[in-house]
Amino acid sequence: MSDLKQELKAKIIEQLNLEDISVDTIADDDSLFGDGLGLDSIDALELIVMLDKDYGIKLLDPKEGRKIFESIEVMANYIAEHRTK
Amino acid sequence: MLKTNKFIQSYSHIRNNTVSKNGTLLFENASEAFPDFIKAAYNALDTGYPKFFKMDNLSKLAFLAADVLLKEIPSATNKEQNIAIVLSNRASSLDTDRKHQASIANKEDYFPSPAVFVYTLPNICIGEISIKHRLFSENSFFIFDRFSAEHLADYTNGLFLNNKAEKVIGGWVDFDTDTYEAFLYLVSDKGSIPHNKKEINRLYRL
């Protein structure tokens, strides 16, 4: 699980072009949206694509993302449970 | 041709790995490819807007060229000053269009990026400028074969004559594969350079 969290942090930084943020500066329970990493609605769509492309998880309802993308911790738990690749 | 008694208050160029304002060099980094050059320019010019790194190449180019001009105007008053934006280019959003096309070309590996797709219109760069500087004004983006000072001047004068704007940022911002060029100018009641086709062409060629 720890490896998956580190992997997610690295993917988010790279794919969402988060400048001046490193893997070490993201805590597992940091909010990804709002006051945390400050991700926006387009970033949320990118994360949905990432779940599909990298982990074989299709979110049919984008609103599901609100809970899944709460933090790295929540995301990693969801991926570990639902991944197909 | 429509005429008004306005002036070109300031102007900026980004080309050949340089950023300049009113003919004065602000930044130069001759050895870098565009992505590294524009990032270095962003840092050197103390831009301080992390969402810059999410933009496509055209928006980065337009945003930085406009930021150089708008920095001198307090953002809290931009809405009251009603600054319109009239931009133009040749390649539209082709650079990003190609990236999007590549992501949907293979039906077996079909994962288009929302963050790329949102930039598949050239006028998105105007939105980026407007968000940062809180502009709620008129805006237009024209696609031409080549730089057209006459069209830009006419359209800008039309905005003034119809009381659609108090100031206008006009110009050319073009990005295609390995070539880029931005020339923006701010038209207002202030300044010593008359706003007309001849002066716009002169400044463009500086």
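Chain letters run A, B, ... following the sequence lines, proteins first and then strands; every chain starts at 1.
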| task | Evaluate whether atom CD of A:Glu64 has more than 12 neighbouring non-hydrogen atoms of other residues, nucleotides or ligands under 6.0 angstrom away. | result | yes

| said: I need the B:Phe53 CZ to A:Ile21 CD1 distance, nearest 0.5 Å. | reply: 11.0 Å

| query | Residues two or more places apart in sequence or in another chain: which of them pass ring pair (Phe, Tyr, Trp, His ring centres under 6.0 Å) with B:Tyr119? | reply | none

| Structural part of A:Asp20 lying under 4.5 Å from a heavy atom of chain B | neither

| said: Considering only residues two or more places apart or on different chains, which pairs with a residue in residues 26-85 of chain A satisfy ring pair (Phe, Tyr, Trp, His ring centres under 6.0 Å)? | reply: A:Tyr78-A:His82

| Among B:Pro112, B:Pro50, B:Ser113, residue most engaged with chain A (heavy-atom pairs, under 4.5 Å) | B:Ser113

| Under a 4.0 Å N-O cut-off, is there an ion pair linking B:Lys54 with A:Glu19? | no

| task | Verify the neighbour count for atom NZ of B:Lys190: are there more than 12 heavy atoms of other residues, nucleotides or ligands below 6.0 Å? | result | no

| said: Taking CZ in B:Phe142 as the centre, count heavy atoms belonging to other residues, nucleotides or ligands within less than 6.0 Å. Is the count above 12? | reply: yes

| query | Would you find more than 12 non-hydrogen atoms of other residues, nucleotides or ligands less than 6.0 Å from B:Lys71 atom NZ? | reply | yes

| Under a 4.5 Å cut-off applied to non-hydrogen side-chain atoms, are B:Met55 and A:Asn17 in contact? | no

| said: Whether B:Asp109 and A:Lys53 form a salt bridge (side-chain N of Lys/Arg under 4.0 Å from carboxylate O of Asp/Glu) is what I want to check. | reply: no

| remark: Smallest heavy-atom separation, A:Glu46 atom then B:Val116 atom, equals OE2-N, 4.4 Å

| message | Give me the atom names and distance for the closest heavy-atom approach of B:Ala115 to A:Ile42. | response | CA-CG2, 3.6 Å

| query | Where does A:Leu16 contact chain B at under 4.5 Å (heavy atoms): side chain, backbone, both or neither? | reply | both

| said: Can you confirm whether A:Lys63 is buried at NZ, in the sense that more than 12 heavy atoms of other residues, nucleotides or ligands lie under 6.0 Å from that atom? | reply: no

